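Data first, discussion second: the structure below is written as structure tokens.
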Amino acid sequence: MKTISDMERLKNTLKEKGLKPTYQRLKILEYLDKHENSHPTVEMIYKTLSKNIPTMSMTTVYNTLSAFLKKGLVSKVTITETEVRYDFVTMPHHHFLCKKCGKIIDINIKCPIVNRKQIYGHRIDEFHRYIKGICKDCLKNEKNKRTDDK
Ligand code: ZN
Ligand code: MN
């Protein structure tokens with residue numbers, strides 16, 4: 001069986017959504033695909049891609065993500081409250097923000113209201129599944145530091 005390349009697969013993803021698979025769109029989509037769990041900002045994507053693609057601008061990244069958002073290719077994560085992060089995983093899931101290292105971690109648990117359109121007669125337009133705390137890696141580091149002090 002012939003396996004299609006990652007680039008071919010991403011090209012098809014864009015076409016399926018009615019977006020012309022331009023080089024810059026493909027590169028941005030490839031970044032999101034490779035860093036699926038990093039929930040990058042426009043700036044993070046721009047910084048990495050502009051190193052190898054000098055024609056890539058912040059505006060291009062921003063406009064491309066806006067187009068992806070409109071087509072439901074990505075979703076917005078505003079858990080940090082100060083910035084917009086983008087998520088290539090559009091299946092409903094929760095997010096955990098570590099207040100210490102700033103990592104955003106996907107939490108895949110079943111939620112009883114995830115597919116509801118209404119709650120107590122109110123229409124649901126947006127649904128944020130945000131949890132904040134200290135991640136297990138930071139907890140481990142804290143514990144190690146404490147035992148080092150002794
Ligand atoms: Zn952490
Ligand atoms: Mn996510």
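First listed ligand is number 1; within each ligand, the first listed atom is number 1. On a predicted model such as this, the values are computed, not experimentally measured, just so you know. By convention here, the first residue in the shown sequence is residue 1.
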With rounding to 10 degrees, what does the angle His39:NE2 / the Mn ion (ligand 2) / Asp87:OD2 come to? 100°
Can you measure from OG1 (Thr48) to NZ (Lys27) and round to the nearest 0.5 angstrom? 12.0 Å
Can Asp87 and Arg85 be counted as an ion pair, charged N to O under 4.0 angstrom? no
With a cut-off of 6.0 Å (strictly less than), are more than 12 heavy atoms of other residues, nucleotides or ligands near OH of Tyr62? no
SG (Cys101) to the Zn ion (ligand 1) to SG (Cys135), nearest 10°, is 120°
Name of whichever N/O/S atom of His93 is nearest to the Mn ion (ligand 2): NE2
Answer key: the N, O or S atom of Asp106 nearest to the Mn ion (ligand 2) is OD1
Pair Glu142 + Lys145: basic N to acidic O under 4.0 Å: no
